[in-house]
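Working notes, structure below.
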Amino acid sequence: MLVTALLGMLVWLAGRYEISQVQGALERDTIDAVSDIRGALTRNVQSLQSLYAGNPAPKSWTVDAATLLHEHREWVRLEWRDAGLATLAAADTPFRTPVFDLLGRDNARTDVAVACATARRFNGPAYSGSYFVPQSDGLGVEVMELCMPLVTSGRLSGYVVATYSLQGMLSELIGKSYTRSQEVSFTEPDGTRLALHGSVRRGKRVFTAQQLLDLPGNTLVLRMDGWRGAPDLFPNVLTALVTAMSIALVSVLVLLGKDTRRRLKAEHALADALAFRKAMEDSLVTGLRARDRDGRTTYVNPSFCQMVGFSAGELLGRGTPAPYWPPEMAGEYQQRQAIRLAGNAPPREGVESVFMRKDGTRFPVLIIEAPLINVLGKQTGWMSAILDISEQRRIEELSRASQDRLQATARLATMGEMASLLSHELNQPLAAIASYATGSINLLQVAQGEAAPALHPTLADLHMALGRIAEQAERAGKVIKSVHDFVRRRDQARESVPARALLDDILPLVNLQARKLQVRVVTQVDEGLPDALCDRTMVEQVLLNLARNGMQAMDLPGLRERELLLRVRRAASAEGNRWLEFAVIDAGPGISDDVARQLFTPFYTTKTEGMGLGLSLCRTVVEQHGGYLDFAPHPPQGTVFRFTLPAASEPRSRVASLE
Ligand code: ADP
């Protein structure tokens with residue numbers, strides 16, 4: 001709109017300018033024309049004076065006047081009058097019928113008289129007012145008198161009167177160029193047109209200029225009417241050019257407006273599509289990452305950031321090695337990337353790899369990569385979809401572990417069968433050993449005779465050895481029975497046993513091995529402890545097992561402090577009254593994390609001759625009693641294995657416990 005307004009104003013101003021130019025030219029023309037007329041009139045006065053050179057006679061004057069009239073078409077009549085205004089001689093223009101024929105010259109007497117009176121007063125040429133002289137053809141002529149006093153030797157001798165035709169003045173005294181395209185006229189001050197010359201082509205617009213022609217005795221108004229055709233819309237080339245350019249500008253603006261609207265629409269559509277895509281990317285659980293051909297990260301989605309724990313700002317623009325590459329694998333990854341950048345497409349099903357979170361933890365990922373192609377069909381990089389497969393791995397691991405456990409259980413079951421078979425088979429030889437031992441003792445006693453107060457020392461030793469054999473055979477039988485029961489999962493026979501008694505039972509066997517391994521065995525049982533409620537044989541087996549493990553752990557060359565402590569006290573829990581804690585403490589090298597992780601796994605052992613069943617069995621036994629078994633390092637050196645057993649509700653009497 002602004003441009004249109006400007007354009008309109010420009011055209012209007014240009015038009016105005018053009019008009020003022022035309023008007024100015026016309027005004028100049030009018031001034032020129034007036035000065036033309038004035039000049040011509042002055043010259044005419046001189047011509048008239050020349051008639052009187054050499055005191056002419058009226059006759060010769062007439063001849064001269066006729067010649068002069070021939071040259072001056074603006075005059076219609078010349079007269080020589082005496083001082084009383086009587087006509088001495090007169091000549092009419094040869095170019096038309098004498099003007100005063102119809103009305104007679106007398107009719108104009110007053111005008112002549114006025115002019116001459118003025119002339120006499122001014123002592124120079126003077127003009128009369130113009131007046132109309134009707135002609136015989138029905139038209140008429142507007143004329144004006146010029147009266148010039150003739151002075152001979154300082155005395156007025158007469159007048160020369162020249163009658164001007166106003167029309168003739170216009171056609172003769174003004175340059176032809178003015179009248180060619182303009183209408184020139186004399187008007188009275190009120191606008192009445194007196195005489196007219198030049199053709200007027202009536203256009204839409206007429207320009208008018210007026211100029212006063214001030215003559216002594218008369219004032220005429222010269223009016224010029226310029227004519228112009230329909231005013232041009234584009235008055236000149238410059239305006240036309242500017243207009244054309246403005247139109248072009250407006251068209252460009254219109255086109256631009258249209259284009260902008262289209263663009264806006266496209267932008268909206270694009271923004272919608274982008275928002276859709278973003279929502280899609282943000283909702284993905286798959287990590288997305290784009291890299292350019294130099295390996296710099298150009299895009300990551302929120303899921304990927306979450307996966308690796310780095311913010312998008314920390315990842316974007318980063319080249320290799322990427323912050324999520326584990327440093328120890330950076331070299332390998334770099335190679336892999338070089339292969340990729342060389343244009344070798346990775347397998348479609350993806351590559352498994354390991355990434356590192358910001359906190360340094362590693363996690364397995366599956367990377368599926370595809371080339372990133374731009375609009376021009378050129379590859380600009382790689383787009384990767386990254387799946388965190390740690391959960392998948394964990395499940396796989398779990399199922400593998402459970403499979404292992406299943407196998408172990410199967411082996412255990414077989415073992416159980418074997419143990420059951422063995423115990424059955426061993427029972428009889430053990431019973432036989434016990435019988436033979438008892439029989440031998442009996443025989444010894446018979447051979448000594450009832451009366452013999454004491455045995456021979458050797459025989460006494462033999463008697464004792466046989467007693468021990470019988471005892472151990474019986475014990476072995478019990479162990480076998482317990483194992484049998486355990487394998488059969490029969491409810492163990494729980495009995496109330498003093499803690500000290502449990503230790504005492506195993507001490508002979510422990511000491512046997514301790515002596516061999518040069519270990520000092522120390523027991524420590526708190527005072528006033530309640531009895532333990534347990535399957536005596538199995539718990540003794542547990543203690544024996546732990547003691548044996550501890551001693552074996554201390555079987556290291558160069559180990560000076562070899563002490564095994566067997567300790568019993570109340571459990572340090574809130575329910576301490578109802579639980580006893582047994583601890584087997586060695587001064588061995590301790591248990592490494594690696595071993596600790598698999599300690600209770602059946603068949604796990606670090607010993608060449610070990611079975612790897614001891615600890616897992618121990619735990620099973622303790623857990624069957626409702627207790628727990630654990631271990632911990634025992635500073636400054638060694639390990640403590642602890643397990644709890646339920647206490648019998650009634651503590652035994654102090655005396656009994658001392659037994
Ligand atoms: P085994 O004694 O037949 O090897 P266990 O289940 O009793 O089977 O023990 C498993 C493993 O635990 C042993 O091989 C040993 O490496 C480790 N271990 C057990 N007790 C101790 C201990 N007190 N000190 C160091 N290591 C031990």
Side-chain angles (χ1 to χ4, degrees), residues 401 404-405 407-416 418-419 422 479-480 482-483 486-487 502-503 506-507 509-524 535 537-569 581-625 627-645:
D404 284 355
R405 251 200 318 278
Q407 275 175 2
T409 316
R411 265 187 289 176
L412 266 182
T414 321
M415 284 277 299
M418 271 164 57
L422 270 176
V479 169
I480 283 170
S482 301
V483 169
F486 175 68
V487 169
L502 287 170
L503 296 190
I506 59 158
L507 271 179
L509 283 172
V510 172
N511 282 331
L512 214 64
Q513 196 168 13
R515 256 197 303 280
K516 215 166 83 189
L517 299 173
Q518 293 155 14
V519 173
R520 193 152 53 87
V521 180
V522 181
T523 60
Q524 183 189 330
D535 180 334
T537 324
M538 289 312 282
V539 170
E540 282 172 9
Q541 215 50 44
V542 169
L543 278 170
L544 206 59
N545 219 327
L546 294 180
R548 199 179 293 138
N549 273 347
M551 288 187 290
Q552 281 173 352
M554 285 186 285
D555 184 19
L556 290 172
L559 193 71
R560 263 193 266 129
E561 190 55 52
R562 297 187 177 194
E563 184 185 272
L564 184 76
L565 172 63
L566 302 174
R567 188 184 67 196
V568 188
R569 59 186 187 190
E581 184 200 84
F582 291 75
V584 180
I585 303 163
D586 65 63
I591 295 173
S592 70
D593 284 353
D594 227 24
V595 175
R597 226 172 290 132
Q598 313 180 58
L599 206 61
F600 293 105
T601 314
F603 305 110
Y604 175 78
T605 179
T606 56
K607 302 164 195 164
T608 38
E609 79 289 5
M611 280 269 279
L613 276 173
L615 283 174
S616 77
L617 271 171
C618 289
R619 189 160 72 168
T620 313
V621 169
V622 171
E623 282 173 2
Q624 273 179 356
H625 283 84
Y628 69 87
L629 171 69
D630 70 357
F631 63 94
H634 189 256
Q637 196 187 359
T639 316
V640 50
F641 275 85
R642 283 176 302 224
F643 66 91
T644 55
L645 286 178

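The structure presented is a predicted model; accordingly, all values stated were derived computationally and were not measured. Both ligands and their constituent atoms are indexed starting at 1 by order of listing.
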So, regarding N545 and ligand 1 (criterion: nitrogen or oxygen to nitrogen or oxygen, under 3.5 Å), is there a contact or not?
no
Protein residue, atom and distance nearest to [atom], heavy-atom basis:
atom                    : answer
atom 24 (N) of ligand 1 : A553 CB, 3.3 Å
atom 14 (O) of ligand 1 : T606 N, 2.8 Å
atom 4 (O) of ligand 1  : T605 OG1, 2.5 Å
atom 21 (C) of ligand 1 : F641 CE1, 3.9 Å
atom 6 (O) of ligand 1  : L615 N, 2.9 Å
atom 8 (O) of ligand 1  : G612 CA, 3.3 Å
atom 7 (O) of ligand 1  : N549 ND2, 2.8 Å

Exam field: side chain [X] to backbone [Y], donor-acceptor pair closer than 3.5 Å:
X    : Y    : value
T644 : Y628 : yes
R562 : M551 : no
D586 : L564 : no

Going by the atom numbers of ligand 1, which of them fall below 4.0 Å from some non-hydrogen atom of [X]?
X    : answer
I591 : 25 (C), 26 (N)
L599 : 12 (O), 17 (C)
Y604 : 10 (C)
D586 : 22 (C), 23 (N), 24 (N)

Test side chain to side chain contact (heavy atoms under 4.5 Å, CB included) applied to F643 and L546, step by step:
CA-CA 10 Å; F643 66 91; L546 294 180; 3.7 Å; yes
Give a yes/no verdict on whether any heavy atom in F631 is under 4.0 Å from an atom of ligand 1.
no
I need the [X] [atom1] to [Y] [atom2] distance, nearest 0.5 Å.
X    : Y    : atom1 : atom2 : result
Q598 : T605 : CD    : OG1   : 11.5 Å
L615 : L629 : CG    : CG    : 7.0 Å
I591 : T639 : CD1   : OG1   : 4.5 Å
R642 : F582 : CZ    : CZ    : 14.5 Å

Side chain to side chain contact (heavy atoms under 4.5 Å, CB included), that's the test. Do E561 and Q637 meet it? Break it down for me.
CA-CA 10 Å; E561 190 55 52; Q637 196 187 359; 5.9 Å; no
